[in-house]
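Notes follow once the structure below has been shown.
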2 protein chains.
Amino acid sequence: MAEETQSWAERFGLPSTGDARAAWGSADFYARFAPSGDFDGTLLAVHWVYWGFAFDDAYCDTGPYSGDPAAFARLSVSVQRAVEVPHTPPPTDPFMAALHDIGTRMRKLASPGKNRRFHAAHQAWLCGVQWQIANQASGLVPSLDDYLLMRLHASGGEPTFALLEVANGLPDIPPDEVGGPAVRALTEMAIMVAALDNDRHSAAAEAARGHTGQNIFSVLANAPDVPAAEVSDLAVGLRDHILGMFLGLRDRVVANASPALRRYLADLGHGIRGNAEWGQRAARYLAAGDGESPAVANWADAPLDSAGRTLRPPAFSWWWNAFAPANAALGGGTCAR
Amino acid sequence: MAEETQSWAERFGLPSTGDARAAWGSADFYARFAPSGDFDGTLLAVHWVYWGFAFDDAYCDTGPYSGDPAAFARLSVSVQRAVEVPHTPPPTDPFMAALHDIGTRMRKLASPGKNRRFHAAHQAWLCGVQWQIANQASGLVPSLDDYLLMRLHASGGEPTFALLEVANGLPDIPPDEVGGPAVRALTEMAIMVAALDNDRHSAAAEAARGHTGQNIFSVLANAPDVPAAEVSDLAVGLRDHILGMFLGLRDRVVANASPALRRYLADLGHGIRGNAEWGQRAARYLAAGDGESPAVANWADAPLDSAGRTLRPPAFSWWWNAFAPANAALGGGTCAR
């Protein structure tokens with residue numbers, strides 16, 4: 001799969017992401033998300049992951065677009081167009097042509113419903129990147145609530161998890177099930193845990209590359225009511241708390257889930273774990289740093305107990321409000337505070 | 001319906017759109033799109049239309065955000081959040097709170113599938129506005145292809161047409177049908193015809209308000225290969241040609257459509273006609289101009305014959321390529337050139 005990805009990337013003239021192991025890394029990454037995926041679907045997902053990493057490096061985190069929100073606004077709509085509809089002749093830009101190829105193959109391989117869900121996730125990701133670039137351009141460190149909402153989208157977790165349905169090649173999850181609030185909340189929680197893990201893995205590398213430093217640590221350090229000594233515990237405590245909510249809610253939802261949804265929910269967990277393992281070792285985070293990952297931590301035995309001071313960012317309050325035990329629709333269960 | 005809309009807007013403190021007839025205008029507008037809609041669904045659509053016009057005036061076309069792509073990037077994601085998920089307590093900004101109310105009611109009234117389609121359309125609209133604002137900020141007149149792609153999204157046609165499913169209150173259009181390429185192409189064509197009609201209606205009013213003047217006429221006038229004498233005919237010819245394609249393709253698709261899709265396809269046509277009628281008379285276009293609509297034209301008896309020089313913008317080439325007569329999947333029929 002890595003070899004096929006490398007050939008594919010070379011055919012379109014995509015840059016390597018600064019590491020000869022880029023194709024291997026993309027395959028290793030997504031195989032962790034979809035361990036039971038079928039070959040063609042997973043290969044397509046791996047190609048998007050390769051493309052996404054390369055796009056991120058070229059346009060989002062560094063490069064001339066990364067500080068120019070107006071230029072990115074145009075690019076963003078054109079990129080989205082490339083994945084959504086057939087163009088002939090295909091665009092000549094390597095990124096556009098490669099993404100167009102992914103979109104074309106996805107239309108052949110997956111149902112219109114899966115395609116539309118991927119398209120919507122892709123669009124939301126680009127909107128998050130647009131916001132990230134706007135902050136970079138103005139040197140702004142956002143509030144915690146703004147940061148988490150931006151990061152939910154800008155992290156790329158939405159398209160990455162939407163690809164699970166493509167990779168697994170199962171019948172569509174029924175629309176009322178996949179579109180309901182519980183599955184949405186679980187997806188958001190999984191994205192946020194993975195994004196906060198990435199913040200730990202990449203913070204040192206990004207600092208070394210001279211980034212604006214939008215990450216959970218800099219955001220909390222910049223918040224007026226957070227003592228410096230509490231930044232790290234609050235960040236880790238928030239991540240652990242969200243993971244706890246995810247696990248509790250997933251147990252309740254999986255009990256009545258269709259087979260395709262059960263696989264999706266299992267793979268959300270695989271993605272959380274796979275992302276963390278991958279991030280601890282991935283060359284792309286080490287390349288720009290001091291040769292040591294900032295978080296070669298082993299797994300903790302228990303969630304961090306942040307002594308009752310768990311953050312509840314308003315843009316995500318619905319996780320707590322909609323899925324607390326009092327919510328009759330989903331029955332019992334506890335979101336541990 | 002207009003009275004209920006006025007009360008609703010006042011309850012949230014939304015501004016009138018510069019005209020005491022704003023609520024009446026929104027109801028008049030959407031009743032033309034969904035003449036067979038049910039009351040609650042259509043009322044919800046009318047509220048969004050009211051909200052959209054007010055948001056457009058306050059943030060997109062004029063006001064401090066209209067020239068600040070970085071500020072709009074943040075606003076855009078927060079706005080999208082307000083319609084997609086429940087917040088408690090609801091946000092205090094009138095626009096956010098009113099949109100949050102629309103989102104909450106839509107989740108109660110319509111299926112998750114309809115909600116997701118509306119959300120995706122809403123997101124795509126905001127991305128188009130982001131691009132429009134980026135051009136406004138840099139004083140850029142885009143190329144024809146860029147303009148049409150921007151306008152497809154920025155015009156707001158996507159959420160407006162996605163509301164048809166909510167307004168009609170019918171069972172969901174099957175995912176493979178509503179997500180297929182033909183329905184997508186028909187939706188895009190309807191949006192583009194309406195957007196080009198709006199360009200005719202609003203060109204004079206926008207010029208009077210000192211806009212950058214991104215419209216089909218200024219874009220063609222700025223194109224290097226278009227003689228000034230041909231601008232108007234090319235613009236009208238393109239619009240008429242797209243309408244011809246729409247009518248031909250719709251005839252072919254409707255033959256095998258489900259009842260819910262048939263209603264949707266009929267209402268795309270109602271929307272094209274309703275938008276044109278409404279635009280010729282609407283106070284919002286007259287208010288800022290010289291008191292005369294630039295296009296109080298009656299209906300033409302036949303499409304403009306642009307003597308073979310029909311524009312085929314590359315971002316939309318798939319309309320021609322996918323739905324030409326040779327395309328076996330849809331059988332016969334002709335897209336008149």
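Every chain is numbered from 1 and lettered A, B, ... according to where its sequence line falls, protein lines coming before strand lines.
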What pair of heavy atoms forms the shortest contact from A:Pro175 to B:Pro112, and how long is it?
-> O-CB, 3.9 Å
Over all atoms of both residues, closest heavy-atom pair of B:Cys127 and A:Cys127 | SG-SG, 3.0 Å
[X] versus chain A, heavy atoms under 4.5 Å apart: side chain, backbone, both or neither?
| X | result |
| --- | --- |
| B:Ala121 | neither |
| B:Glu177 | neither |
| B:Asp176 | both |
| B:Arg107 | neither |
| B:Leu75 | neither |

Rounded to the nearest 0.5 Å, how far does [atom2] of [Y] lie from [atom1] of [X]?
| X | Y | atom1 | atom2 | answer |
| --- | --- | --- | --- | --- |
| B:Trp318 | A:Glu84 | CH2 | CD | 9.5 Å |
| A:Arg116 | B:Arg116 | CZ | CZ | 10.5 Å |
| A:Asp145 | B:Arg81 | CG | CZ | 9.0 Å |
| A:Gln123 | B:His153 | CD | NE2 | 6.5 Å |
| B:Leu140 | A:Arg74 | CG | CZ | 9.0 Å |
| B:Leu126 | A:Gln130 | CG | CD | 11.5 Å |

With respect to chain A, which residue among B:Gln80, B:His119, B:Arg117 yields the maximal number of heavy-atom pairs within a distance under 4.5 Å?
-> B:Arg117
Among the options B:Ser111, B:Gly179, B:Ser76, pick out the one with the most heavy-atom pairs lying under 4.5 Å from chain A.
-> B:Gly179
Identify which part of A:Glu188 has an atom lying under 4.5 Å from any heavy atom of chain B, answering side chain, backbone, both or neither.
-> side chain
So, the part of A:Ala124 with a heavy atom under 4.5 Å from chain B: the answer is both
Any idea which of A:Ile133, A:Leu149, A:Asn115 has the most non-hydrogen atom pairs under 4.5 angstrom with chain B?
-> A:Leu149
